[in-house]
Visitor: 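This structure is in structure tokens; I'll ask about it shortly.
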Amino acid sequence: MAHVLVLVDHEHGTPSPGLPELIAAASRLGEPVAVLAHEPSDPVDTDAVGSAGAATVALAAIPGADSLLVGPAVAALEAAWEAVGDVAAVITSTATDSREAAARLAARRGGGFFTDVVDLKVDQGVLTVTQQAFGGAYTVVSEATRGVPVITLRGNSIQDAMAAVAAPAMLTLQVGVDPARSAEVTARHEREVATDRPPLTSADVVVSGGRGLGSADGFRLVDALADALGAATGASRAAVDAGYCDPGMQVGQTGVTVTPDLYIALGISGAIQHLAGMQNAKTIVAVNSDPGAPIFEIADFGVVGDAFTIVPRLVEAIKARRG
Ligand code: FAD
């Protein structure tokens with residue numbers, strides 16, 4: 001069976017929560033090989049990689065793996081490719097670094113590059129990927145016409161279950177990266193996030209606010225509803241640009257993509273660039289004073305009215321119900 005390389009996103013050797021989905025996607029196409037570039041001092045949690053379903057784990061201990069931007073990840077993928085041979089595809093997450101590593105690998109190897117894939121399969125020997133274009137207005141099914149396809153998979157797209165592998169086969173990759181040819185991170189400053197809310201990209205419930213909330217003060221309506229529901233908070237770009245909230249909250253084409261069970265949009269018109277980031281939510285609820293707002297075209301439940309009248313009542317009702 002052909003191999004499918006999966007680039008593992010990790011924090012000092014601990015794989016990111018999205019790994020099982022990447023492995024599951026890879027196993028549709030061939031035998032997954034989890035590839036991980038790490039600092040030699042970071043102990044890699046290979047049990048976690050095995051329990052995600054990877055039968056083979058290829059480790060590249062590279063001095064500077066954390067600081068030399070994407071060079072080590074590309075080098076590790078290339079080394080794994082040489083080591084296992086017969087590669088049918090390469091899959092990464094859509095995390096910024098992984099996406100860039102994927103693009104570089106595709107350019108080096110001359111293979112098709114598919115971003116933000118939401119589905120993939122092999123049918124009669126032909127590998128096809130599904131993407132959404134123009135903010136989800138179109139679904140595009142493609143196949144690579146040359147080379148090995150390199151794919152970035154949008155999170156929460158594939159729900160296949162994978163059996164854990166108790167003792168994955170280990171492969172040690174000998175990889176060198178020339179620091180002189182790589183951009184290097186010389187300092188990091190973590191932005192303090194003063195919130196105990198769930199992370200936006202993995203929350204089950206997201207409450208987002210738009211320009212319709214009128215001000216940073218008005219945007220507190222989003223916080224109130226999110227607190228009542230235990231939800232993450234998001235925003236439209238117009239709300240971010242107007243300074244109502246933190247830029248990290250932007251949902252959409254140029255923000256983050258979310259796929260929660262429930263997405264509540266308050267005072268958001270539903271521009272195609274916003275829909276691109278949230279339309280795959282399982283249930284969408286919109287509160288908007290304009291009955292002609294495009295958000296109602298994709299909402300499962302719509303409330304036409306003033307968010308400042310409706311949301312406080314909703315918060316009270318939720319609190320009363322939750323005792
Ligand atoms: P508006 O379109 O101004 O809508 C405000 C809504 O609030 C209206 O529908 C109004 O009826 C309603 N409203 C007003 N008062 C109330 C009230 N009291 N109660 C209830 N409803 C009320 N946008 C994104 O969101 N994410 C992106 O990633 C993104 N990327 C972009 C990339 C490009 C290249 C471009 C060109 C644009 C991008 N945009 C993005 C911007 C996008 O086109 C829209 O301008 C933006 O989404 C509009 O935000 P909004 O819905 O909050 O504001």
Side-chain angles (χ1 to χ4, degrees), residues 93-96 99-100 115-118 131-138 140 152 154-157 191 199-203 205-226 228-229 231-260 262-281 283-318:
S93 75
T94 54
T96 312
R99 204 162 37 182
E100 187 178 337
T115 56
D116 261 331
V117 166
V118 295
Q131 294 158 291
Q132 288 173 337
F134 299 113
Y138 293 91
V140 181
T152 74
R154 187 182 283 185
N156 293 329
S157 299
R191 212 154 40 111
L200 178 56
T201 49
S202 57
V205 182
V206 173
V207 180
S208 282
R211 181 154 44 198
L213 300 181
S215 64
D217 218 26
F219 204 85
R220 290 193 191 148
L221 215 52
V222 172
D223 296 326
L225 184 54
L229 290 169
T233 52
S236 71
R237 177 160 148 183
V240 167
D241 289 349
Y244 300 171
C245 58
D246 188 279
M249 290 164 63
Q250 184 177 318
V251 172
Q253 184 182 319
T254 43
V256 298
T257 298
V258 297
T259 46
L262 174 63
Y263 187 88
I264 304 179
L266 306 177
I268 293 177
S269 60
I272 197 160
Q273 296 89 354
H274 186 77
L275 304 188
M278 45 63 76
Q279 65 194 344
N280 288 337
T283 302
I284 297 169
V285 176
V287 179
N288 196 301
S289 50
D290 174 7
I295 190 87
F296 289 129
E297 288 170 23
I298 64 152
D300 298 282
F301 300 98
V303 184
V304 178
D306 182 357
F308 292 96
T309 309
I310 293 156
V311 175
R313 286 197 212 161
L314 186 57
V315 170
E316 285 312 312
I318 293 166

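Both counts, for ligands and for their atoms, begin at 1 and track the order of listing. Nothing here was measured: the structure is a model prediction, and the numbers come from that model.
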Visitor: Enumerate the atoms of ligand 1 whose separation from the nearest heavy atom of Asp306 is less than 4.0 angstrom.
Guide: 17 (C), 18 (N), 19 (N)
Visitor: Is there at least one pair of N or O atoms, one from Val251 and one from ligand 1, spaced under 3.5 Å apart?
Guide: yes
Visitor: Quick one: does any side-chain atom of Asp116 pair with a main-chain N or O of Arg154 as donor and acceptor, under 3.5 Å?
Guide: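 Judged by distance alone, no pair lies under 3.5 Å.
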Visitor: Any sub-3.5 Å donor-acceptor pair from Ser289's side-chain atoms to Asp306's backbone N or O?
Guide: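 Answer holds: no.
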Visitor: Using a 3.5 Å cut-off on N or O atoms only, is Gly267 in polar contact with ligand 1?
Guide: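 The answer is yes, given that Gly267 and ligand 1 share an N or O pair closer than 3.5 Å.
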Visitor: Enumerate the atoms of ligand 1 whose separation from the nearest heavy atom of Thr254 is less than 4.0 angstrom.
Guide: 27 (C), 28 (O), 29 (C), 30 (N), 31 (C), 32 (C)
Visitor: Any atoms of ligand 1 less than 4.0 Å from a non-hydrogen atom of Gly252? List them with their elements.
Guide: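 So the atoms of ligand 1 that pass are 26 (N), 27 (C), 28 (O).
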Visitor: Only heavy atoms of Gly210, strictly under 4.0 Å: list the atoms of ligand 1 that pass.
Guide: 52 (O)
Visitor: For ligand 1, which atoms have a heavy atom of Gln253 less than 4.0 angstrom away?
Guide: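 So the atoms of ligand 1 that pass are 27 (C), 28 (O).
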Visitor: Which of these, Asp290, Asn288, Val311, has its nearest heavy atom closest to atom 9 (O) of ligand 1?
Guide: Asn288
Visitor: Among all protein heavy atoms, pick out the one at the shortest distance from atom 33 (C) of ligand 1; state its residue, atom name and that distance to 0.1 Å.
Guide: Arg237 NH1, 3.5 Å
Visitor: Can you pull out the closest protein heavy atom to atom 48 (C) of ligand 1? Residue, atom name and distance to 0.1 Å, please.
Guide: Ala238 CB, 3.8 Å
Visitor: Can Gly305 be said to touch ligand 1, with heavy atoms closer than 4.0 Å?
Guide: yes
Visitor: Examine Ala235 against ligand 1 and note whether any of their N/O atoms are separated by less than 3.5 Å.
Guide: no
Visitor: Counting heavy atoms only, name the option from Ala239, Ala271, Ser289 that's nearest to atom 20 (C) of ligand 1.
Guide: Ser289
Visitor: Select the closest option to atom 51 (O) of ligand 1 among Ser269, Gly212, Ala242, judged by heavy-atom distance.
Guide: Ser269
Visitor: Please answer whether the main-chain N or O of Thr115 pairs with a side-chain N or O of Gln131 as donor and acceptor at a distance below 3.5 Å.
Guide: yes
